[in-house]
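Source: prediction; values computed, not measured. Counting starts at 1 for both ligands and their atoms, in listed order.
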Amino acid sequence: MLNQTYLQMLNQKSVIRTLNEYGAQRAKEIGYQNVFDYSLGNPSVPTHPAFTQEMIRLLQEEDPVALHGYSPTLGIPSVRQAVAESLSRRFGLPYTADGIFMTSGAAGALAHALRAVTQPGDELIVFAPFFSEYSAYAQGAGLTLKVVPADTKSFQIPFDKLEEMLTDKVTALLINTPNNPSGAVYSAETLTRLAELLRKKSAELGRPLFLISDEPYREILFHGAQQPYPAAFYEYTLVCYSFSKSLSLPGERIGYVAVAPRFEGWEKIVPMCGQISRGTGHNCPSSIIQLAVSKVLELTSDLSVYETNADILCRELSGLGFEICRPQGTFYIFPRALEEDAVRFCEKAKEFDLLLVPSDGFGVPGHFRAAYCIDTEKVERSLEAFKKLADCYR
Ligand SMILES: Cc1ncc(COP(=O)(O)O)c(C=O)c1O
């Protein structure tokens, strides 16, 4: 008999992927340039040339048997060491290679981090709006997702609501800053209050609450905005990072879990991730990609187009009457829809070949997400479609 859980998931396919597939189909009919596809968070700029150069060098100069061989379970030691040194230098925490586990992107990192600090049946707190795949990640780890409702004015944490939801079934909280889909950045004040609350609650519970910090957009910040480093505020933090967005490498599936030596038992987390891998079939990211990223840890693609696009969309959509909490980073904007039913609103947008993602899957009603990792020229041409859409609601 087929597995019923996964069979049922076939009816809950990702709205984003479905919309993107629709866009590809529509592009065949009317031409790619005429479809304003704001659905998928797929970077639109090339990786840094230094990454490409390093790949070429590795292929030309290194022993192919070693280069294409199995990576050790926890990642290549020199790569883990380089990641630890880079994190320590940039964020001031005493990371060592023992606290670094190399993964297949942030998705792989989250799969391991979640399993390492929870038991099936536990509650996992997430904050709306949240990356819609968190539902599947939680389900895969046997966790119940508990969603803290959004403060749609600031997209910071509504602490009164969080406090009510910190039951004794909660073992971990998952944050994502800069945030997909809102583009909001948690402030130092928010992270300080969060750490204080978690310390207080952990003391009451007699066990630590774990914070999992999902950080694929760490470097994508606009107009000098800074992202305070969540793990610096709270000891029991597992950082989940990905090179998918900062270095435009989503297809290479590379990231890591990082644990700083700041709590008792920290040194067990990474070896446990290795054991988790055995069951999930993760078995390490590609050796050559690990080696190549280890040489460009502090570089990014040229990310400036995202800031340019954010500025255009904020200015023009505000002018059309959209209510927007200005994104401070990422390549998403999350305005209020012009009718309560976001699904209906996004269906209406399709009439103008404008592909927007309704907010319901992100845990917030009445908004939409536009992923502006597309050419600026296309953003500019899409404004007419946004205007026609807004005109429908006048
Ligand atoms: C918030 C967030 N977390 C995790 C992921 C998964 O990233 P990766 O491609 O590195 O697995 C994404 C991808 O879009 C994301 O937006």
Please answer whether the main-chain N or O of H223 pairs with a side-chain N or O of E307 as donor and acceptor at a distance below 3.5 Å. yes
Near N176, which atoms of ligand 1 are under 4.0 Å from a heavy atom of that residue? 1 (C)
Would the distance check show the side chain of R381 and the main-chain N or O of Q33 forming a donor-acceptor pair, the cut-off being under 3.5 Å? yes
Can you report which non-hydrogen protein atom sits closest to atom 11 (O) of ligand 1, along with the distance? R253 NH2, 2.7 Å
Quick one: do Y372 and F334 end up in the same hydrophobic cluster if we chain Ile, Leu, Val, Met, Phe, Trp and Tyr together by side-chain heavy atoms under 4.5 Å apart? no
If we ignore hydrogens and angles and just use 3.5 Å, is the side chain of R369 paired with the main-chain N or O of N180 as donor and acceptor? no
Between ligand 1 and F243, can you find any atom pair, the residue atom being a heavy atom, that is separated by under 4.0 Å? no
Audit row: F51, F243, ring-ring contact (aromatic ring centres under 6.0 Å, His included) steps and yes/no: CA-CA 11 Å; F51 174 81; F243 298 91; 8.9 Å; no
Is the closest heavy atom of P216 to ligand 1 under 4.0 Å? yes
protein heavy-atom neighbour closest to atom 16 (O) of ligand 1 works out as Y217 OH, 2.6 Å
Which option out of S104, P250, A106 puts a heavy atom nearest to atom 7 (O) of ligand 1? A106
Report the member of A109, S244, G105, P181 with the shortest heavy-atom distance to atom 9 (O) of ligand 1. S244
Listed partners of D160 passing salt bridge (Lys or Arg N to Asp or Glu O under 4.0 Å), at least two apart: none
Nearest neighbour in protein (non-hydrogen) for atom 13 (C) of ligand 1: K245 NZ, 3.4 Å
Write out the residue and atom name of the closest protein heavy atom to atom 5 (C) of ligand 1, then the distance separating them to 0.1 Å. F131 CE2, 3.4 Å
I'd like to know if E133 contacts ligand 1, where contact means a heavy-atom distance under 4.0 Å to any ligand atom. no
